[in-house]
Structure formats: structure tokens, C-alpha cells
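Note sheet for the following structure.
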Amino acid sequence: MKILSKEQQKQFWSDGYLVVENVVDADALKAMQDDFAEWAEDSRKHNEPYGETVDGRPRFDMDPEHTAENPTLRRVSAPVEMSQAYYDVMASSKMTDCVTDLIGPNVKFHHSKINAKLPGGTTAVKWHQDFPFTPHSNDDLITALLMVDEVTLENGPLEVLAGSHTGEIHGLWHNGIFTGAVDDKVAKASQKQALACAGPAGSVCLMHTRLLHGSAPNLSNHPRKLFICVYSAEDAIPMSSNPVPTKYEGLIVSGEKTNKVRSIPYEIELPQKPKTTSFFDQQAMS
Ligand SMILES: O=C(O)CCC(=O)C(=O)O
């Protein structure tokens, strides 16, 4: 089903992101909030990352401030493997339709997580682009960040640098160390022109994989939970292992499987034709 107008599609490709309201209805949101509330309740029993994803890494992670009295669960990896509500939104919803309008008709799922900023936590996300974490044969990848709670300017909204998806891909290694973030100069310049992606619960921010983005801590008493799903065009082939492995990687959420591979087009600069004459030319001249 077509969701996005031509104008919205144009805006996405020119800015590198787009916020769309009402992609999930109240019942689905409540089911997602209830499931998260159960996980947050359970986190009271833990003081270090716990649970297990398909590759054995912990599924649940908390802020350093987390206590049994004030639990601050900040990350749930691959929630679609544990919750029908999250699975349904990932696999078949207006959110999936929006993604299809942009990079369809054939779209597949790559990974999912919940990034939560609960009151009392201090987690921030440093400026980065997603593509270096999920390099593919082409860059038709979208990170869809669904607002499970209302996102305001105070509760740690996603911040983006509009138009940066058309620029260079910045390194995440500095002085021989993998930091997962762009260098300070790029981060400061991005922060100066940052735009916050706020909206009512049930909105989605669709973000191009090359867009520079980050987010500050939650300074309010209101939770901020984002359900984050990464999708790619079906003909984009992963060039590295999945940062959040899931049994659903590659699930076709729209269209069909073609098994075709499409690469980012690039031009090779051919060396100039040699100026010297060949052996045969010299023979003819002599
Ligand atoms: O949780 C956030 O605020 C940012 C999420 C993010 O940067 C990402 O998923 O790449």
C-alpha cells in the first residue's frame, strides 16, 4: 500500500530523513509498551547485561545508573524474536510500507533493537553514520526509528544533519582505536546544525543509512523508547556480519526474492594512453 506522497519521497531523498506520524495504531503501541514494561520489570533482578541472542551475546543491557529500585533498561536486541507486537510492526505495517515506497518494491529485513532512554539514565549516542556498521553492495538501506513513546526536545530525541547522506562516509577509527563515532571535528560541526526528530508516539523517523546522526541523554521524567528496524533493498548484499544478529535476517517484507546483486556504481579512472610508440610503429618508421 502506498503511504508516502511524491512530496514526502522527494523530501526524504533530499534531506536524508523523514518523520511520518501515525504509522502504528494505539492498540499496537500499547502491546509494545506492555511488552517493554515486562522486560524493564524483569531487569530489576539483574546488575549486568543478560539474556542471549542467536550468537550468544546478551539481549538486554542497562545504563550504568541502573538499580533494582530505578531500573534503566537501555537496549533490547532483536525484540522481534520475543514479541508478536514488535514482530508484526517490523514485518507488516505502515512503517514497512513507507520503507517500500522509498527503496522497494523488493525489501528485506536486516536487524532490530530497542534503544530506550528511561528517566535517570545518562546514555547518549555519539555522532555516526549507520552504513559503516552494515556495509552492503549498495546503499539502499533505511533505518526506521519508531517512536514507542512521545519524543520531545527534552527526552533525548534523535538528532540529524540534514543532507549529510550525500556526502562522504566518515571513519570510525581514530588513532588506531575503533570508537564507533566520527571524529570530534565532524561531530561538533554536525551538532551545530543538528535538527531534532520529535513526534507523537506511533510516528516513525525514516533515515538514510549514510545520514549523520546522534542523540543526547534524556533530561526529562518521560521515557523515550525507539524501536529501530534496519531494512535494505533485496538486491543489496551484506558485506559484513550483522551487528545485531537475528534469525529473521533476510526476511522479505515486501515484494519478492530475486537473488540479483546490485552494486554502488563507480567509475574507474583508466590510465592515459601511453605516448611512446610501440615496437611495431618503430619498425615501420625505420
Ligand atoms: O537511540 C538513538 O537515539 C539513536 C539510535 C542510533 O543512532 C542508531 O540506531 O543508529
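Computed from a predicted model, the values in this text were never measured in an experiment.
Contact check for T152 versus H222: no side-chain heavy atoms found under the 4.5 Å cut-off. A heavy-atom distance below 4.5 Å is found between the side chains of M95 and C229.
Here the options are T122, N115, T123, the test is side chain to side chain donor-acceptor pair (under 3.5 Å), and the partner is R74; only T123 passes. Here the options are V253, V107, L141, the test is side chain to side chain contact (heavy atoms under 4.5 Å, CB included), and the partner is V99; only V107 passes.
Qualifying salt bridge (Lys or Arg N to Asp or Glu O under 4.0 Å) partners for D42, counting only residues two or more places apart in sequence or in other chains: K45. For D101, the salt bridge (Lys or Arg N to Asp or Glu O under 4.0 Å) partners are K2, not counting sequence neighbours. Under the salt bridge (Lys or Arg N to Asp or Glu O under 4.0 Å) criterion, R210 pairs with D139, not counting sequence neighbours. Scanning for side chain to side chain contact (heavy atoms under 4.5 Å, CB included) contacts around A91 gives Y87, L251, with sequence neighbours left out. Partners of F227 by ring-ring contact (aromatic ring centres under 6.0 Å, His included), not counting sequence neighbours, listed by chain and number: Y86. In terms of the salt bridge (Lys or Arg N to Asp or Glu O under 4.0 Å) criterion, residue partners of R262 (sequence neighbours excluded) are, by chain and number, D140, D235. Here H128 pairs with F133, H213 under the ring-ring contact (aromatic ring centres under 6.0 Å, His included) rule; sequence neighbours left out. The ring-ring contact (aromatic ring centres under 6.0 Å, His included) check on H46 picks up Y50, with sequence neighbours excluded.
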Begin with the C-alpha distance, continue with both residues' side-chain angles, and end with the deciding distance and a verdict on salt bridge (Lys or Arg N to Asp or Glu O under 4.0 Å) for D149 and R224. CA-CA 6 Å; D149 304 304; R224 189 226 69 170; over 6 Å; no
Pair E159-L195, side-chain contact (heavy atoms from CB on, under 4.5 Å): steps then yes or no: CA-CA 5 Å; E159 295 178 62; L195 297 172; over 6 Å; no
Please determine whether side-chain contact (heavy atoms from CB on, under 4.5 Å) holds for the pair E150 and M147, giving the CA-CA distance in whole Å, both sets of side-chain angles, and the decisive distance to 0.1 Å. CA-CA 6 Å; E150 182 187 18; M147 304 177 199; over 6 Å; no
Start with the C-alpha gap between F131 and H208, add the side-chain angles, then the distance that decides, and say whether side-chain contact (heavy atoms from CB on, under 4.5 Å) holds. CA-CA 9 Å; F131 199 52; H208 191 278; over 6 Å; no
Trace of the side-chain contact (heavy atoms from CB on, under 4.5 Å) decision for I114 with M32: CA-CA 11 Å; I114 298 169; M32 295 168 96; over 6 Å; no
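Within the structure, no pair that satisfies the salt bridge (charged side-chain N to carboxylate O under 4.0 Å, His left out) test touches residues 179-190, not counting sequence neighbours. Listed by first then second residue, pairs satisfying salt bridge (charged side-chain N to carboxylate O under 4.0 Å, His left out) with a partner in residues 243-261 number zero, not counting sequence neighbours. Sequence neighbours left out, not one pair with a member in residues 110-136 passes salt bridge (charged side-chain N to carboxylate O under 4.0 Å, His left out).
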Using atom types as modelled, flag every donor-acceptor pair under 3.5 Å from a side chain in residues 9-24 to any protein atom, sequence neighbours excluded.
residue, atom, partner, partner atom, Å
Q9, NE2, L4, O, 3.3

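A distance-only check finds a donor-acceptor pair linking the side chain of T100 to the backbone of T96 [under 3.5 Å]. The backbone N or O of E65 sits nowhere less than 3.5 Å from a side-chain atom of D63 that would complete a donor-acceptor pair. For Q33 (side chain) and V148 (main-chain N/O), a donor-acceptor pair under 3.5 Å exists by modelled atom type. Judged purely by atom type and a 3.5 angstrom limit, R59 uses its side chain to pair as donor or acceptor with the backbone of A78. T179 places a side-chain N or O within 3.5 Å of a backbone atom of L172 that can act as its donor or acceptor partner. In this structure a side-chain-to-backbone donor-acceptor pair under 3.5 Å is missing from E154 to N218. Checked by atom type and distance alone, the side chain of D61 never pairs as donor or acceptor with a backbone atom of R75 at under 3.5 Å. Side chain of H66 to main chain of S43: a donor-acceptor pair is present (N/O by atom type, distance under 3.5 Å, no hydrogens or angles). Side chain of E38 to backbone of D35: no donor-acceptor contact under 3.5 angstrom is found. The backbone N or O of S232 lies less than 3.5 Å from no partner atom in the side chain of K108, so there is not a single donor-acceptor pair.
Judged by distance alone, the side chains of T53 and D55 do bring a donor and an acceptor atom under 3.5 Å apart.
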